[in-house]
Amino acid sequence: DTAMYRAKSNGKPYEVFDRQMHESVTALLRLETDLRKSLVEKDFFLCYQPIVDLKSFQITGMESLMRWHHQERGLVSPGEFIPLAERTKLIIDLGWWAIREACQQLAYFQKEFSRPDLSVSVNMSAKQFAIHDLARLIGDVLNNACIRPGNLKLEITETVLMENAKAMIKTLNDLKLMNIDLYIDDFGTGYSSLSYLHRFPISILKVDRSFIFEITKKENFEIVRTIITLAHNLDMKVVAEGIETSEQLKLLMQLGCDFGQGNLFSVPVRNHEIAKMLSKSHRWDFL
Ligand code: C2E
Ligand code: MG
Ligand code: MG
Ligand code: MG
């Protein structure tokens with residue numbers, strides 16, 4: 001807006017705007033080239049954020065969140081590089097690496113802390129669901145890592161699910177037959193056809209953090225209540241994302257929310273940090 005305004009006021013309507021566009025497009029292309037050059041094994045790593053049972057306050061699982069360590073720029077957030085990776089199909093390689101890495105890490109934690117029930121959830125892009133034979137290939141990864149299929153959860157956003165519903169239903173059913181659970185990410189922000197929801201083999205709805213952020217407001221409280229009721233009536237469970245305060249936590253517990261995730265418990269951390277939380281002696285200090 002400002003660029004356009006400035007441009008217009010000096011009588012050359014598009015020049016400044018064009019230059020800024022050009023600069024940002026160049027920066028993006030640059031990042032995309034860097035992304036291609038980055039070596040999956042070397043420049044990427046996973047962080048983990050605990051998912052906590054809101055009745056027992058035990059960690060029942062963890063979400064893996066990808067990080068890119070750019071040689072010059074330092075950490076680049078997934079909000080920035082995932083869309084680029086998706087455009088370039090690099091997301092396929094990165095995606096396989098993340099699933100393998102997360103499963104191996106989970107196998108280690110299950111053994112180290114005698115927690116065979118512990119699960120990991122991995123974010124998935126639309127392109128990954130188009131992989132031929134996805135279910136079988138994931139089965140191979142699970143076998144190699146010695147992880148039971150029930151302990152791997154795949155997260156897919158509501159929007160991706162609804163926009164590719166027809167194409168994905170077979171893959172999703174194949175995954176379900178293998179006992180791999182599906183989580184719907186950022187629920188409430190996309191456009192869900194409620195009549196469709198029950199047709200998918202979904203086990204958990206993750207309520208988007210925008211609702212949790214202002215759950216102290218009556219309207220948001222009611223929306224979250226409605227989502228929880230809907231989920232429970234459809235035999236699904238609910239994870240609240242982005243819990244930052246004990247007040248938010250209290251309201252969610254009041255509503256019977258099953259699981260919680262957010263900075264109140266822990267920000268996403270490296271594997272050795274989450275290991276500390278998995279040890280028996282760990283207590284949440286806000287309780
Ligand atoms: P998401 O799957 O919805 O992940 C949750 C995001 O919320 C994470 O951001 C996490 O750091 C952030 N978060 C968690 N608790 C809190 C909180 O209490 N307050 C606030 N303000 N934020 C919180 P992150 O790590 O930057 O990831 C952003 C998105 O990037 C993810 O959203 C996911 O869509 C995507 N992503 C991350 N890793 C992967 C991956 O391995 N594959 C794919 N395809 N996408 C990924
Ligand atoms: Mg997620
Ligand atoms: Mg989410
Ligand atoms: Mg999100």
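We count ligands from 1, going down the list as the structure has it; atoms in each ligand are counted the same way. Just so you know, residue 1 is the first one in the sequence shown, and it goes up from there. As a basis for the values below, the full set of heavy atoms in this structure was taken, side chains included, without hydrogen atoms, waters or symmetry mates.
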Contact partition for Glu63 relative to ligand 1, non-hydrogen atoms under 4.0 Å: side chain
Only heavy atoms of Gln49, strictly under 4.0 Å: list the atoms of ligand 1 that pass. 14 (C), 15 (N)
To atom 23 (C) of ligand 1, the nearest of Glu101, Arg209, Arg67 on a heavy-atom basis is Arg209
Consider only side-chain heavy atoms of I, L, V, M, F, W and Y, link residues closer than 4.5 Å, and tell whether Phe213 and Leu54 are in one cluster. no
Looking only at heavy atoms, is any part of Leu65 under 4.0 Å from ligand 1, and if so is it the side chain, the backbone, or both, or is it neither? both
I'd like to know: is the Mg ion (ligand 2) within the 2.8 Å range of an N/O/S atom from Tyr183, strictly under that distance? no
Does Glu247 CD have over 12 foreign heavy atoms under 6.0 Å away? no
Should Glu86 be counted as touching ligand 1, given the test is an N or O pair under 3.5 Å? no
Any nitrogen or oxygen of Glu244, side chain or backbone, less than 3.5 Å from one on ligand 1? yes
Side-chain donor-acceptor contact under 3.5 Å, Gln261 with Lys206: yes
Answer yes if the ring centres of Phe221 and Phe211 are under 6.0 angstrom apart, and no otherwise. no
What I want to check is whether the side chains of Gln58 and Asp53 have a donor and an acceptor closer together than 3.5 Å. no
Which N/O/S atom belongs to Glu63 and is the closest one to the Mg ion (ligand 2)? OE2
How does Pro268 reach ligand 1, by side chain, by backbone, by both or by neither, if only non-hydrogen atoms under 4.0 Å count? side chain
When rounded to the nearest 0.5 Å, the distance separating CG of Leu182 from CD1 of Ile204 is 10.5 Å
Taking N, O or S atoms only and a limit of 2.8 Å, check whether Asp186 reaches the Mg ion (ligand 3). yes
Drop me the distance from Ile228's CD1 to Leu252's CG, to the nearest 0.5 angstrom. 6.0 Å
Would you say Asp185 has any N or O atom under 3.5 Å from an N or O of ligand 1, going by distance alone? yes
If the cut-off is 2.8 Å, does any N/O/S atom of Glu241 fall short of it from the Mg ion (ligand 3)? yes
Does a donor on one side chain and an acceptor on the other come within less than 3.5 Å for Gln71 and Asp43? yes
Looking at every non-hydrogen atom in both residues, tell me the closest pair between Gly190 and Glu158 and how far apart they are. N-OE1, 2.8 Å
Checking heavy atoms under 4.0 Å, the part of Asp186 that sits near ligand 1 is side chain
The Mg ion (ligand 2) - closest N/O/S atom in Asp185: OD2
N/O/S atom name from Glu155 that is nearest to the position of the Mg ion (ligand 2): OE1
Mind running side chain to side chain donor-acceptor pair (under 3.5 Å) on Glu86 and Ser125 for me, showing each step along the way? CA-CA 7 Å; Glu86 282 173 341; Ser125 295; 2.7 Å; yes
Nearest-option assignment for atom 44 (N) of ligand 1, heavy atoms, candidates Ser64, Ala102, Gly95, Ser125: Ser125
Test of proximity, Ile91 against ligand 1: N or O pairs below 3.5 Å: no
Just to be sure I read this right, does ligand 1 sit under 4.0 Å from the backbone of Ile243, its side chain, both, or neither, counting only heavy atoms? backbone
Taking 4.0 angstrom as the limit and counting only heavy atoms of Glu241, give me the atoms of ligand 1 inside it, by number and element. 3 (O)
Check this for me: Phe113, atom CZ, are more than 12 non-hydrogen atoms of other residues, nucleotides or ligands nearer than 6.0 Å? yes
Scan residues 49-74 for pairs that pass ring-ring contact (aromatic ring centres under 6.0 Å, His included), counting only residues two or more places apart or in two chains. Phe44-Trp68, Trp68-His70, Trp68-Phe81
